[in-house]
Amino acid sequence: PTGPTGIQGPVGPASASNYGTFYYSGTGQTVAKDAAIRFNDPPTNPGGGYQVGLGFSYTPSTGIFKFNAPGDYLVMWGTSCKEEDAIIALKRNLLIIPGTILRGLSSVNIFQMTTGSTIITFAQNDELSVVNNGPGPITVQTDPTAPAPSFGGNATAAYITIKQLP
């Protein structure tokens, strides 16, 4: 038999209320040196991503995220580039964030997905972008000889996930 109902336990920790994932899944995007990678607009599934909450906003024409809710955020990003010496990094307020420079070093698989993750504390109105930090322009794209994804859309050539931590 079932026993009596006990008292209610304490409220658990808050979950992240501001998060989103943005993708670039086009056939090729040329990104000049020091310029931001632009993600698909609008950020809606499938293929474009999603956003929940108003902790940050995204401007597709510039590739810049602006933070409305200060706090600690988990940022995960990655790109697939045509060039074997592609270098990408995160910029906050136009300055490279130390420890976020990633370099694709494979001369065999030049379309490898180079990925990174970090936790960053943002103040209100801080700006974030994923930029080409290499010596010249890069082409963000997937391997054109690879088979199409099983879900029928384009493969992801670049992504960023931003999640505010409780």
Side-chain angles (χ1 to χ4, degrees), residues 16 18-44 47-144 146 153-165:
N18 295 304
Y19 59 92
T21 297
F22 298 79
Y23 302 99
Y24 173 72
S25 55
T27 57
Q29 176 186 153
T30 300
V31 181
K33 177 178 172 39
D34 296 321
I37 294 171
R38 294 174 322 278
F39 299 94
N40 293 1
D41 178 49
T44 56
Y50 61 87
Q51 180 175 352
V52 174
L54 300 174
F56 58 90
S57 59
Y58 176 63
T59 304
S61 62
T62 63
I64 293 176
F65 295 87
K66 185 173 184 178
F67 288 80
N68 307 314
D72 295 330
Y73 287 81
L74 172 63
V75 179
M76 299 176 288
W77 73 101
T79 61
S80 172
C81 295
K82 183 177 177 181
E83 296 76 19
E84 68 181 70
D85 60 348
I87 303 170
I88 61 168
L90 296 181
K91 276 189 177 180
R92 176 179 40 207
N93 303 329
L94 303 177
L95 299 173
I96 297 291
I97 300 171
T100 68
I101 297 172
L102 303 176
R103 182 176 188 153
L105 295 174
S106 174
S107 60
V108 176
N109 181 8
I110 57 176
F111 295 103
Q112 72 182 14
M113 180 64 77
T114 303
T115 63
S117 64
T118 189
I119 295 174
I120 304 169
T121 301
F122 290 103
Q124 187 167 0
N125 297 319
D126 272 358
E127 295 181 341
L128 174 72
S129 56
V130 181
V131 299
N132 170 11
N133 194 48
I138 60 172
T139 304
V140 177
Q141 72 179 67
T142 56
D143 184 345
N154 292 324
T156 299
Y159 74 91
I160 186 169
T161 296
I162 302 170
K163 180 179 180 181
Q164 186 174 25
L165 301 175

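Computed over heavy atoms, backbone and side chain alike; hydrogens, waters and symmetry mates excluded.
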Just wondering, are more than 12 heavy atoms of other shown residues or ligands nearer than 6.0 Å to NZ in Lys91? yes
Counting C-beta onward and ignoring hydrogens, is there a side-chain heavy-atom pair between [X] and [Y] closer than 4.5 Å?
{"X": "Leu128", "Y": "Ile160", "result": "yes"}
{"X": "Val130", "Y": "Phe39", "result": "yes"}
{"X": "Phe22", "Y": "Arg38", "result": "no"}
{"X": "Leu74", "Y": "Tyr19", "result": "no"}
{"X": "Ile87", "Y": "Leu102", "result": "no"}

Distance from [X] atom [atom1] to [Y] atom [atom2], nearest 0.5 Å?
{"X": "Tyr24", "Y": "Thr79", "atom1": "OH", "atom2": "OG1", "answer": "12.5 Å"}
{"X": "Lys163", "Y": "Ile119", "atom1": "NZ", "atom2": "CD1", "answer": "10.5 Å"}
{"X": "Thr59", "Y": "Glu127", "atom1": "OG1", "atom2": "CD", "answer": "8.0 Å"}
{"X": "Leu165", "Y": "Thr121", "atom1": "CG", "atom2": "OG1", "answer": "9.0 Å"}

Residue pair [X] / [Y]: nearest heavy atoms and the distance that separates them:
{"X": "Pro70", "Y": "Gln124", "value": "CB-N, 3.8 Å"}
{"X": "Arg92", "Y": "Asp126", "value": "CD-OD2, 3.5 Å"}
{"X": "Ile37", "Y": "Ala158", "value": "CG2-CB, 4.1 Å"}
{"X": "Ser57", "Y": "Asn68", "value": "N-ND2, 4.0 Å"}
{"X": "Ala36", "Y": "Gly63", "value": "CB-O, 4.1 Å"}

Carefully, step by step, assess Tyr159 and Tyr23 under the rule ring-ring contact (aromatic ring centres under 6.0 Å, His included). CA-CA 4 Å; Tyr159 74 91; Tyr23 302 99; 7.0 Å; no
Sequence neighbours left out, what passes ring-ring contact (aromatic ring centres under 6.0 Å, His included) with Phe67? Give chain and number order. Phe56, Tyr73, Phe122
Matching residue for Ile120 among Leu90, Ile162, Asp72 - test: side chain to side chain contact (heavy atoms under 4.5 Å, CB included): Leu90
Listing, residues 133-141 side-chain donor-acceptor contacts under 3.5 Å, not counting sequence neighbours, or none:
from: Thr139; atom 1: OG1; to: Glu83; atom 2: OE2; distance (Å): 3.4

